[in-house]
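Report on one structure; see the data block that follows.
Numbering of ligands and ligand atoms starts at 1, following listing order.
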Amino acid sequence: MKILKTSLFIAAVISTQWMSAQFKQAPLPYAYNALERSVDAQTMEIHYSKHGAAYTNNLNKAIAGTPLEKKSLEAILGKISAESPAVRNNAGGHYNHELFWTILTPEKNTQPSVKLSKAIVESFGSMDAFKEKMSKAAADRFGSGWAWLAVDKSGKLFVSSTPNQDNPLMDVVEEKGTPVLGIDVWEHAYYLKYQNKRADYLAAIWDIVNWNEVSKRYEATVSIKK
Ligand code: MN3
């Protein structure tokens with residue numbers, strides 16, 4: 001009887017997971033108002049609970065009943081050229097936003113690790129030169145999109161920019177790699193506080209970048225590639 005109860009319980013757990021949507025938003029790792037020195041609470045709330053949630057929900061709808069339900073997000077993105085615009089926009093949107101929330105922090109003065117600092121200096125000359133290059137990529141993106149710091153297949157850092165919800169993991173983009181830092185330059189990310197002044201948003205965002213997380217992602221990525 002006890003075994004039967006246990007197996008019924010396990011079956012119930014498995015079927016709940018089976019029925020539930022494959023992709024989920026992770027909880028925001030800080031309060032909506034925690035980043036106010038750079039991004040206001042209302043923007044964070046709408047961005048996370050409306051825009052972010054919509055990408056996740058729409059991705060789950062777009063893949064429901066297809067073989068993509070059993071694939072990892074990275075596997076879907078790596079062969080995105082084979083998929084519909086709905087899958088491309090929402091798989092990208094889900095991945096990009098889940099990354100974005102983690103690379104921001106209320107904590108002040110986080111710093112890149114020694115390894116990441118060294119790699120940034122090697123690739124861009126200095127930390128300031130890197131920030132300038134990344135800010136320029138973000139500022140020059142016409143319309144909506146993202147700027148990226150990513151690691152290519154040889155383990156080298158590069159800065160790039162993609163339109164809409166594309167990202168460097170997608171087989172359709174020119175510069176491919178694993179993103180370790182992404183800046184959202186859709187107007188929904190900054191318009192309430194900064195209106196048309198994207199450059200002011202970009203100047204302020206460096207103050208809330210979570211270098212501990214970016215360093216962790218960088219080191220995990222290069223250790224896999226070696
Ligand atoms: Mn966004």
Side-chain angles (χ1 to χ4, degrees), residues 21 23-63 73-74 76-77 80 83-106 134-150 159-170 172-173 175 177-210 213-214 217:
F23 295 107
K24 286 194 173 70
Q25 268 190 304
L28 195 66
Y30 35 75
Y32 292 134
N33 66 358
L35 309 177
E36 284 233 304
R37 66 183 190 271
S38 302
V39 180
D40 61 287
Q42 195 185 6
T43 295
M44 284 307 296
E45 180 167 3
I46 296 170
H47 200 178
Y48 176 84
S49 72
K50 306 292 184 207
H51 295 280
Y55 293 118
T56 308
N57 293 337
N58 290 332
L59 170 61
N60 287 326
K61 274 187 216 160
I63 64 171
L73 190 53
E74 286 76 6
I76 294 173
L77 295 170
I80 207 74
E83 305 305 334
S84 66
V87 173
R88 178 169 169 174
N89 293 335
N90 293 298
H94 175 66
Y95 180 93
N96 298 349
H97 287 85
E98 291 297 291
L99 171 76
F100 188 59
W101 315 130
T102 68
I103 60 88
L104 301 178
T105 180
M134 180 108 176
S135 298
K136 189 175 185 316
D140 290 351
R141 165 53 47 201
F142 183 77
S144 299
W146 290 76
W148 303 102
L149 174 65
V159 164
S160 70
S161 164
T162 53
N164 305 315
Q165 294 297 353
D166 288 356
N167 68 44
L169 289 172
M170 292 181 171
V172 291
V173 305
E175 295 162 283
T178 305
V180 296
L181 169 61
I183 300 178
D184 189 342
V185 292
W186 283 58
E187 285 185 343
H188 69 224
Y190 64 86
Y191 207 84
L192 293 179
K193 185 176 166 103
Y194 296 98
Q195 294 84 47
N196 59 317
K197 299 184 281 287
R198 186 189 283 183
D200 291 359
Y201 158 70
L202 293 172
I205 205 156
W206 292 112
D207 203 29
I208 53 168
V209 167
N210 185 348
E213 177 66 22
V214 178
R217 286 176 181 268

**Asked** Restricting to N, O or S atoms of D184, which is nearest to the Mn ion (ligand 1)?
**Response** OD2
**Fill in**
Smallest heavy-atom separation, V173 atom then N167 atom, equals CG1-O, 3.3 Å
**Fill in**
The atom name of the N, O or S atom in H97 nearest to the Mn ion (ligand 1) is NE2
**Prompt:** Would you call the rings of Y201 and Y190 parallel, tilted or perpendicular, where under 30° means parallel and over 60° means perpendicular?
**Reply:** parallel
**Request:** Look at the side chain of H97 and the backbone N and O of G93, then say whether any donor-acceptor pair between them is shorter than 3.5 Å.
**Result:** yes
**Prompt:** Just by modelled atom types, is the Q165 backbone N or O under 3.5 Å from a matching donor or acceptor in the N96 side chain?
**Reply:** yes
**Message:** Could you identify the N, O or S atom of H47 positioned closest to the Mn ion (ligand 1)?
**Reply:** NE2
